[in-house]
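Structure record follows, encoded as structure tokens.
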Amino acid sequence: MDGDVLTRPAVLILLGPPGAGKGTQARRLEEKFGLVQLSTGDLLRAAVAEGTEAGKQAKAVMEAGGLVSDEIVIAILRDRLAQEDCQNGVILDGFPRTTVQAEALDVLLHETGQRINAAINLKVDDAAMVERISGRYTCADCGEGFHDSFKQPKVPGVCDNCGSTNMKRRADDNAETVASRLEAYHAQTAPLVSYYQTKGALAHIDAMGAIDDITTALGTVVSDAL
């Protein structure tokens, strides 16, 4: 059985709070290792657009203003894992969020002969994260990113890239909202760290450093896991 599992497509999980860089790093891992990033939002939208059975169920729930159940998400994920482009392996970004979802995912992977190759925890400092996220703003014209503390335009109020003075901030990128999101993460999702630690699948990465350094460290972990 162990040999058979090792030949099955790999499953990696990225854990970490909002702003930890999961999306950026997942895209880099996709390019380097030929993996497919799967986020819950993208999975739901694709299933609804394709009109799969699970997608129809999700659409009905969403149109009624409800939350899509774990059962429906797992059904959509099962369909997605069976598609050809996932045969090199996948990176799950944003799922599971709770230990209940993690247990349901384990059941699914047992059915497909797969396992969690690695659950990678992007470790951050909460206080630094509040500063990092709440100071962000972008050029509304070209999308260039800036920061109050770490990356101000060379000319105040003028985009380095396109010269626009049209800057914008996300409404939820303020200290109070960011602190609230971090608190919710620790309450709901952080227990997954203990869950995967117990299973021997957990790896920690310091996500407070330079993006390229984080990518290098992740690459080492993923290479070992694959």
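Throughout, residue positions are numbered sequentially from 1 according to the sequence presented.
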When you measure from the side chain of Q87 to the backbone N and O of Q83, does any donor-acceptor pair fall under 3.5 Å?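 Yes, Q87 side chain to Q83 backbone: donor-acceptor pair under 3.5 Å.
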
Kindly compute the distance separating [atom1] ([X]) from [atom2] ([Y]), expressed to the nearest 0.5 Å.
X: Q101; Y: L108; atom1: CD; atom2: CG; answer: 12.5 Å
X: I205; Y: I120; atom1: CD1; atom2: CD1; answer: 6.5 Å
X: F33; Y: L12; atom1: CZ; atom2: CG; answer: 9.0 Å

Carboxylate-amine/guanidinium contact D85 R80, below 4.0 Å: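 The answer is yes: the pair qualifies as a salt bridge.
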
Taking 4.0 angstrom as the limit, do R27 and D93 come out as a salt bridge?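 A salt bridge is absent here (no side-chain N lies under 4.0 Å from a carboxylate O).
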
Could you pull out the closest heavy-atom pair between M208 and D206, with the gap in Å?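 What the structure gives for the nearest pair is N-OD1, 3.0 Å.
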
Least distance between heavy atoms, H204 atom then Q197 atom: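 Closest pair (atom of H204, atom of Q197, distance): NE2-OE1, 4.0 Å.
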
Would a 4.5 Å heavy-atom cut-off, applied to side chains only, mark [X] and [Y] as touching?
X: P9; Y: L81; value: no
X: D160; Y: F146; value: yes
X: I116; Y: D106; value: yes

Any side-chain donor-acceptor pair under 3.5 Å between Q25 and R28?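 No.
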
side-chain contact (heavy atoms from CB on, under 4.5 Å) partner of T24, the single match among I214, T215, I211: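 Among I214, T215, I211, the one that satisfies the side-chain contact (heavy atoms from CB on, under 4.5 Å) with T24 is I211.
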
Indicate every side-chain donor-acceptor pair of residues 48-66 with a distance under 3.5 Å to a residue at least two apart or in another chain.
from : atom 1 : to  : atom 2 : distance (Å)
T52  : OG1    : G55 : N      : 2.9

